[in-house]
There are 4 protein chains.
Amino acid sequence: MDIKLANWDEFKVGDKATISKTVTETDIILFASISQDFNPLHVNDAYAKTTQFKRRVAHGSLSFSLVSGLLGTTLPGPGTLHVSQKLDFRKPVFIGDTLTAEAEVVEKFTKKEGTLKFLRIRTNVVNQENLLVTEGEVLVIIL
Amino acid sequence: MDIKLANWDEFKVGDKATISKTVTETDIILFASISQDFNPLHVNDAYAKTTQFKRRVAHGSLSFSLVSGLLGTTLPGPGTLHVSQKLDFRKPVFIGDTLTAEAEVVEKFTKKEGTLKFLRIRTNVVNQENLLVTEGEVLVIIL
Amino acid sequence: MDIKLANWDEFKVGDKATISKTVTETDIILFASISQDFNPLHVNDAYAKTTQFKRRVAHGSLSFSLVSGLLGTTLPGPGTLHVSQKLDFRKPVFIGDTLTAEAEVVEKFTKKEGTLKFLRIRTNVVNQENLLVTEGEVLVIIL
Amino acid sequence: MDIKLANWDEFKVGDKATISKTVTETDIILFASISQDFNPLHVNDAYAKTTQFKRRVAHGSLSFSLVSGLLGTTLPGPGTLHVSQKLDFRKPVFIGDTLTAEAEVVEKFTKKEGTLKFLRIRTNVVNQENLLVTEGEVLVIIL
């Protein structure tokens with residue numbers, strides 16, 4: 001076992017990382033199984049066609065989950081506690097969309113005489129047309 | 001098909017609903033598969049034992065996903081767009097914990113001469129000991 | 001935790017509830033993984049094209065599973081034991097079909113001097129063209 | 001592709017086949033994702049402890065799904081249409097139980113001058129203590 005833990009000293013404002021994936025119908029069904037979110041807009045084609053979207057929409061939290069993957073594995077990676085997060089949902093995500101989550105360090109600070117080390121990270125998600133679908137910001141403690 | 005859509009007029013400040021479930025290892029694995037969040041704190045027992053938690057911790061977004069289920073199916077239910085959400089992570093969630101998400105309407109307002117109808121909803125999650133694990137607030141538009 | 005249990009006294013003959021969803025390929029694969037039912041009619045496109053159906057058919061039990069969801073969560077809901085069920089399969093279900101399960105209370109009776117409280121519920125499933133795909137009846141005890 | 005189809009002429013009354021598996025928590029979560037059956041008796045430990053069962057119970061339809069696997073792959077196997085089925089639920093199934101489904105041909109007949117060929121099959125499921133958990137019977141057409 002050789003796990004590289006996040007090291008606060010190595011991060012600087014402006015550091016960036018991205019992660020991408022295509023949203024599949026499987027993602028929607030599995031997310032429904034976790035969340036119990038069987039809103040018909042997500043799981044009922046006949047209903048979804050009657051809405052302004054004309055087809056099923058992915059769960060907003062699902063599009064955000066990719067951010068969770070990026071934060072947990074890459075930037076900042078293991079050894080981090082999530083303190084808080086904000087999300088603004090800008091556009092719907094559909095099955096087949098390819099999402100790219102980007103994390104960018106926007107602030108670095110300490111509290112309690114340097115014993116608590118924080119990063120503020122902007123976490124935006126765009127689709128394959130580079131349209132912003134979710135705008136976000138997360139505050140983490142590096143252990 | 002007989003889907004009851006959310007009706008802004010029927011909601012009032014103080015309306016509440018809850019949803020409960022036990023967090024399982026399956027939830028963690030499925031959420032990792034969706035999010036690519038294979039942070040060893042979630043999926044690596046040997047590593048998790050070396051941390052302050054002494055065992056694997058569930059993804060923070062996973063504990064929030066139950067809120068998604070409550071909003072999407074019950075309060076306010078189908079016919080809603082999520083505008084934004086805030087989350088504060090207070091305590092870790094472990095496999096076997098039984099979570100209860102509670103949604104409570106805290107504000108009701110309109111914009112653009114009444115054509116856009118909003119609800120602000122507090123979305124807290126507690127565990128089986130009634131300890132607050134996630135504090136949240138979401139803003140939705142009722143279509 | 002705030003769980004509303006089924007109350008036999010509150011049900012009457014004629015009570016109805018419905019639930020709808022679109023059948024996805026994911027449902028078929030997950031059901032196969034649970035049931036070990038990898039009949040090629042469900043999971044083998046090349047074979048399915050050689051049959052009278054010309055494409056893959058969903059598992060019959062899968063179309064019935066939606067009835068399980070309706071009974072377990074809505075009518076009659078938690079606090080119920082399933083005693084027996086009958087099913088007649090009328091039409092095949094395909095990927096992309098949107099199914100609606102309807103439960104309707106058709107009989108209400110007690111046994112053993114009122115200590116065992118039963119409901120007989122008709123459980124039919126129709127597709128998006130309102131064609132009956134599965135006809136069923138279930139007997140439950142309300143605890 | 002070399003698929004052996006069921007051949008009505010080769011079956012005789014008394015033919016038997018079995019299939020076994022251990023019921024896991026994953027089965028319960030995945031079945032919930034397909035069926036939307038998040039009855040707290042299945043997914044909420046804290047609630048389940050307050051019931052007569054003292055722990056979570058598997059979905060009844062889940063225990064039957066193993067029968068579907070046996071019918072679809074082995075006896076009678078591919079090339080069969082399910083006409084109807086009856087189920088009696090005798091005992092609860094818990095996580096960790098190992099179930100064995102047994103199919104036994106109990107009747108063989110034709111209709112419409114031999115063009116429709118039927119089998120009636122008894123489909124019982126027992127647990128690891130050989131206790132009958134589900135009693136069933138299915139009628140199939142061999143194509």
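Keep in mind that what you see is a predicted model, and the values were worked out from it rather than measured. Below, chain A is the first sequence line, B the second, and so on; all start at residue 1.
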Going through the checks in order, is the side chain to side chain contact (heavy atoms under 4.5 Å, CB included) test met by C/F31 and D/F31? CA-CA 7 Å; C/F31 188 77; D/F31 187 77; 4.2 Å; yes
So, D/S68 and C/D37: side-chain donor and acceptor under 3.5 Å apart, yes or no? yes
Minimum heavy-atom distance C/T73-D/F38, with the two atoms named: CG2-N, 3.7 Å
From CG (C/L66) to OG (D/S35), nearest 0.5 Å: 8.0 Å
For residues 131-140 of chain D against chain C, heavy atoms under 4.5 Å, the residues are none
Between D/S33 and chain C, which part of the residue has a heavy atom less than 4.5 Å away: side chain, backbone, both or neither? both
Return the minimal non-hydrogen interatomic distance between D/G72 and C/N39, and the atom names on each side. O-ND2, 3.1 Å
As an exercise, state the distance from CD of D/Q36 to OG of C/S20, rounded to the nearest 0.5 Å. 9.0 Å
At a 4.5 Å cut-off on heavy atoms, which part of D/L5 comes close to chain C: side chain, backbone, both, or neither? side chain
Looking only at atom types and distance, does a side-chain atom of D/K21 sit under 3.5 Å from a main-chain N or O of C/I34, one as donor and one as acceptor? yes
What residues of residues 77-115 of chain D sit under 4.5 Å from chain C when you count only heavy atoms? D/G77, D/P78, D/G79, D/L81, D/H82, D/V83, D/S84, D/Q85, D/K86, D/L87, D/D88, D/F89
